[in-house]
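Numbers here simply count residues along the sequence, with the first being 1.
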Amino acid sequence: MTTGMGRRERKKAATHQALADAALRLFLERGYDNVGVREIADAADVSTTTLQKHFPSKESLVFDRDADIEEALIAAVRDRAPGTSVLAALRDHTLTRVERGAAADGAAEFMTLVRSTPALSEYWHRMWMRHEDALSQVLAAETGAPETDPGCATLAHFALETSALAIRAEDPARTVEAAFAILEHGWRAAPR
């Protein structure tokens with residue numbers, strides 16, 4: 001990630017990561033509502049002003065991969081294998097995210113923190129849905145539809161909401177499969 005960066009960019013990236021790591025560690029140890037921004041800045045050995053330059057809100061300290069998420073969504077559609085439908089590409093991407101997230105170190109603790117903290121749960125949902133316009137635009141470009149096509153906007157919305165459903169589900173992969181079966185074939189075709 002830092003390959004090819006200058007010294008200043010590497011320092012900024014290291015500070016950014018140190019803040020995100022300190023915040024997550026403190027939130028997991030003591031709970032989101034029991035940790036202040038000043039404590040996070042102190043743990044990362046920076047000022048609160050520096051923290052605020054990197055993260056505009058306390059919630060954003062937990063979710064520091066927003067740009068990467070959007071890039072991956074767009075790439076899943078734009079760079080799909082020949083003959084792969086847009087829906088199949090989005091389903092596969094969502095399943096991969098769900099499976100990778102479940103297998104990651106600390107994933108269970110992280111998801112418990114997000115689910116049990118209303119501010120984080122709401123922020124995650126808003127953050128995720130911010131990608132709706134970008135996804136809608138790439139769907140339109142890939143299908144030859146007008147940029148403001150309501151069908152592309154609807155598909156983008158429901159595809160993104162699938163992740164929100166999966167994150168709360170007992171069986172996330174099954175939830176993703178069911179949601180995309182409905183998107184592709186309609187309600188009656190969904191597995192029961």
(message) Using 30° and 60° as the class boundaries, would you call the ring planes of W124 and W128 parallel, tilted or perpendicular?
(response) parallel
(message) Classify the ring geometry of F110 against F63: parallel below 30°, tilted from 30° to 60°, perpendicular beyond 60°.
(response) perpendicular
Nearest-0.5 Å distance, [atom1] of residue [X] to [atom2] of residue [Y]:
X: L113; Y: Y32; atom1: CG; atom2: OH; answer: 9.0 Å
X: R10; Y: K12; atom1: CZ; atom2: NZ; answer: 13.5 Å
X: S85; Y: E142; atom1: OG; atom2: CD; answer: 12.0 Å
X: Y123; Y: E59; atom1: OH; atom2: CD; answer: 7.0 Å
X: T48; Y: D42; atom1: OG1; atom2: CG; answer: 8.5 Å
X: D79; Y: H93; atom1: CG; atom2: NE2; answer: 11.5 Å

Would the distance check show the side chain of [X] and the main-chain N or O of [Y] forming a donor-acceptor pair, the cut-off being under 3.5 Å?
X: N34; Y: R30; answer: yes
X: K58; Y: D33; answer: no
X: S116; Y: T112; answer: yes
X: R80; Y: V77; answer: yes
X: Q137; Y: A134; answer: no
X: S121; Y: T117; answer: no
X: S136; Y: E132; answer: no
X: E39; Y: G36; answer: yes
X: T162; Y: F158; answer: yes

Please name the pair of heavy atoms, one in [X] and one in [Y], separated by the smallest distance, quoted to 0.1 Å.
X: L19; Y: A41; result: CD2-CA, 4.3 Å
X: A166; Y: V176; result: CB-CG2, 3.8 Å
X: A76; Y: A89; result: O-CB, 3.3 Å
X: L139; Y: A156; result: CD1-N, 3.8 Å
X: A43; Y: A22; result: CB-CB, 3.9 Å

(request) Report the C-alpha distance between I69 and R97 in whole Å, list the side-chain angles of each, state the deciding distance to 0.1 Å, and finish with yes or no for side chain to side chain contact (heavy atoms under 4.5 Å, CB included). (result) CA-CA 10 Å; I69 291 168; R97 282 187 52 80; 4.0 Å; yes
Can you confirm whether [X] sits close enough to [Y] that some side-chain heavy atom of one is under 4.5 Å from a side-chain heavy atom of the other?
X: F27; Y: I40; answer: yes
X: P146; Y: D149; answer: yes
X: E177; Y: L95; answer: yes
X: L120; Y: R115; answer: no
X: L51; Y: T15; answer: no
X: L90; Y: L183; answer: no
X: M129; Y: E161; answer: yes

(message) For the CZ atom on R38, are there more than 12 heavy atoms of other groups (residues, nucleotides or ligands in this structure) within a distance under 6.0 Å?
(response) no
(request) Give a yes or no on whether D45 atom CG has more than 12 heavy-atom contacts from other residues, nucleotides or ligands under 6.0 Å away. (result) no
(message) Any salt bridge linking R130 with E70? Criterion: basic side-chain nitrogen under 4.0 Å from a carboxylate oxygen.
(response) no
(request) Verify side chain to side chain contact (heavy atoms under 4.5 Å, CB included) between L87 and L155, making sure each step is shown before the conclusion. (result) CA-CA 9 Å; L87 275 173; L155 177 56; 3.4 Å; yes
